[in-house]
Amino acid sequence: MQETKLGRDFFIQDVLDVAPKLIGKLLCRKLPDNTVIKSRIIETEAYNGNGDLACHATKGKTERTKAFFYEGGHVYIYLCYGIHWLLNIVTGNKDEPQAVLIRAVEEAIGPGRVGKYFHLDKSHYGEDLTTSNVIWIEDDGINLTYISTPRIGIDYAGEPWISKKWRFVHETTKKTRKSKRIQ
DNA sequence: GTAAGGATTGGC
DNA sequence: CCAATCCTTACT
């Protein structure tokens with residue numbers, strides 16, 4: 001099976017094209033001790049800086065969100081709830097704030113778990129997936145089907161953003177998330 | 001300088 | 001259902 005490292009052309013597409021296409025791709029990571037970890041992406045979410053109130057970059061370019069404005073293919077990582085490092089892939093052209101949140105891979109269900117599984121932290125902020133030798137994404141030719149649903153945990157953004165079906169999940173993924181959170 | 005809150009998780 | 005935990009941002 002031919003494995004191809006995804007290049008710039010893939011990442012400079014619109015975030016709503018990249019997010020679903022990332023389903024089934026292999027997220028790869030080389031640790032300091034040269035151990036290579038690979039896991040298939042099964043859940044993503046799209047964040048678009050163009051008005052989307054759920055997107056960090058919409059509030060403006062800050063020290064925290066500057067990676068959103070990089071050219072597609074870079075990595076945007078931030079600490080959530082003081083505990084979890086969430087991994088995002090920047091898409092689109094330079095100064096077009098868009099990014100795909102990697103919410104889950106096969107071996108790690110949940111965005112916080114992904115960061116932990118791949119040993120990611122602030123030192124990977126702004127890394128370029130197309131040139132980096134510590135984190136990159138491969139396409140091994142396998143295409144997975146997916147469904148679209150509203151995004152998780154962004155109630156504060158209000159309508160119409162809450163209703164946008166910008167979350168993409170591999171169909172057979174069975175999340176054991178406790179039914180639906182009431183309130 | 002200080003205070004408030006979050007793209008979550010795991011445990012009770 | 002609720003606490004943990006710390007960095008970023010907004011405001012006085």
Side-chain angles (χ1 to χ4, degrees), chain A residues 11 13-23 25 27 29 37 39-70 72-92 96-127 129 135 137 146-170 173-183:
Chain A
F11 297 110
Q13 299 173 89
D14 189 85
V15 67
L16 292 180
D17 288 322
V18 177
K21 287 179 183 173
L22 279 176
I23 301 291
K25 297 294 187 290
L27 182 59
R29 168 89 167 96
I37 300 172
S39 190
R40 200 174 300 281
I41 298 168
I42 56 176
E43 182 178 350
T44 63
E45 271 182 17
Y47 286 86
N48 191 333
N50 185 23
D52 178 7
L53 293 179
C55 176
H56 294 161
T58 301
K59 299 166 188 169
K61 190 174 181 179
T62 65
E63 197 55 31
R64 178 204 195 191
T65 62
K66 64 182 180 184
F68 255 96
F69 298 80
Y70 292 175
H74 288 80
V75 168
Y76 166 56
I77 287 183
Y78 81 98
L79 186 65
C80 182
Y81 296 110
I83 306 173
H84 311 287
W85 288 101
L86 303 205
L87 172 64
N88 297 252
I89 310 298
V90 179
T91 66
E96 285 181 1
Q98 312 180 334
V100 178
L101 167 66
I102 306 300
R103 283 194 63 87
V105 294
E106 284 184 329
E107 284 82 0
I109 305 299
R113 302 285 303 278
V114 172
K116 186 177 180 183
Y117 181 75
F118 283 96
H119 299 254
L120 299 170
D121 59 44
K122 194 170 187 176
S123 69
H124 303 93
Y125 190 92
E127 190 90 27
L129 291 172
I135 178 168
I137 296 178
Y146 61 86
I147 57 175
S148 305
T149 78
R151 290 172 293 177
I152 304 295
I154 57 156
D155 289 356
Y156 67 88
E159 296 289 359
W161 313 112
I162 294 176
S163 301
K164 299 283 186 188
K165 294 189 175 181
W166 289 352
R167 173 173 174 244
F168 306 94
V169 193
H170 174 42
T173 302
K174 290 180 181 174
K175 298 196 68 169
T176 52
R177 195 176 281 277
K178 297 167 187 170
S179 60
K180 288 181 180 175
R181 289 195 180 181
I182 298 174
Q183 184 184 351

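As a basis for the values below, the full set of heavy atoms in this structure was taken, side chains included, without hydrogen atoms, waters or symmetry mates. So that the names make sense, note that chain A is the first sequence line, chain B the second, and so on, each numbered from 1.
- Side chain of A/Glu45 to main chain of A/Arg151: no donor-acceptor pair is present (N/O by atom type, distance under 3.5 Å, no hydrogens or angles).
- Applying the 4.0 Å criterion to OP1 and OP2 of B/dA7, one finds that A/Arg167 has every side-chain N and O outside that range.
- Put simply, A/Tyr156 has a side-chain N or O that comes within less than 4.0 Å of OP1 or OP2 on B/dA7.
- In this structure C/dT9 sits in a base pair with B/dA3, meeting the Watson-Crick or G-U test at under 3.5 Å.
- The heavy-atom pair separating A/Thr58 from A/Asn48 by the smallest distance is OG1-O, 4.0 Å.
- The backbone N or O of A/Ala67 sits less than 3.5 Å from a side-chain atom of A/Tyr125, completing a donor-acceptor pair.
- For the pair A/Lys25 (side chain) and A/Lys21 (backbone), a donor-acceptor distance under 3.5 Å is present.
- Atom pair A/Tyr78:OH and C/dT8:P shows a separation of 12 Å (rounding to whole Å applied).
- Pair check for B/dT8 finds C/dA4; Watson-Crick or G-U wobble, both atom distances under 3.5 Å.
- Spacing between atom CG of A/Leu87 and atom P of B/dT8 amounts to 14 Å, rounded to whole angstrom units.
- Note: A/Trp166 and A/Trp161 have tilted aromatic rings, judged against thresholds of 30 and 60 degrees for the angle between ring planes.
- Across all strands shown, A/Phe68 has heavy atoms under 4.0 Å from base atoms, whether or not it also approaches the sugar-phosphate.
- Within the structure, a side-chain polar atom (N or O) of A/Lys122 is placed less than 4.0 Å from OP1 or OP2 of C/dT8.
- Centre separation under 5.5 Å together with a plane angle under 30° holds for the ring of A/Tyr47 and the six-membered base ring of B/dA7, marking them as stacked.
- For A/Lys116 and B/dT9, the NZ to P distance is 11 Å, given to the nearest whole Å.
- Using a 4.0 Å heavy-atom criterion, one finds that A/Ile154 contacts the sugar-phosphate atoms exclusively.
- Which of C/dA4, B/dA7, C/dC6 sits closest to the side chain of A/Ile83 comes down to C/dA4.
- One can place CG of A/Leu53 at 12 Å from P of B/dA7, the figure rounded to the nearest angstrom.
- For the pair A/Trp85 CH2 and C/dT5 P, the interatomic distance rounds to 16 Å; values are reported in whole Å.
- When the nucleotides B/dA7, B/dT9, C/dT5 are ranked by their closest atom to the side chain of A/Tyr76, B/dA7 comes out on top.
- Between the base of B/dA7 and the side chain of A/His56 there is a donor-acceptor pair shorter than 3.5 Å.
- Counting to the nearest Å, the P atom of B/dT8 and the CD1 atom of A/Ile152 are 8 Å from each other.
- A/His84 has its NE2 atom 11 Å from the C1' atom of B/dA7, to the nearest Å.
- Comparing A/Arg113 and A/Arg64 along DNA chain B, the residue whose closest nucleotide (by nearest heavy atom) sits nearer the 5' end is A/Arg64.
- As a whole-Å value, the separation of A/Leu79 CG from B/dT9 C1' is 13 Å.
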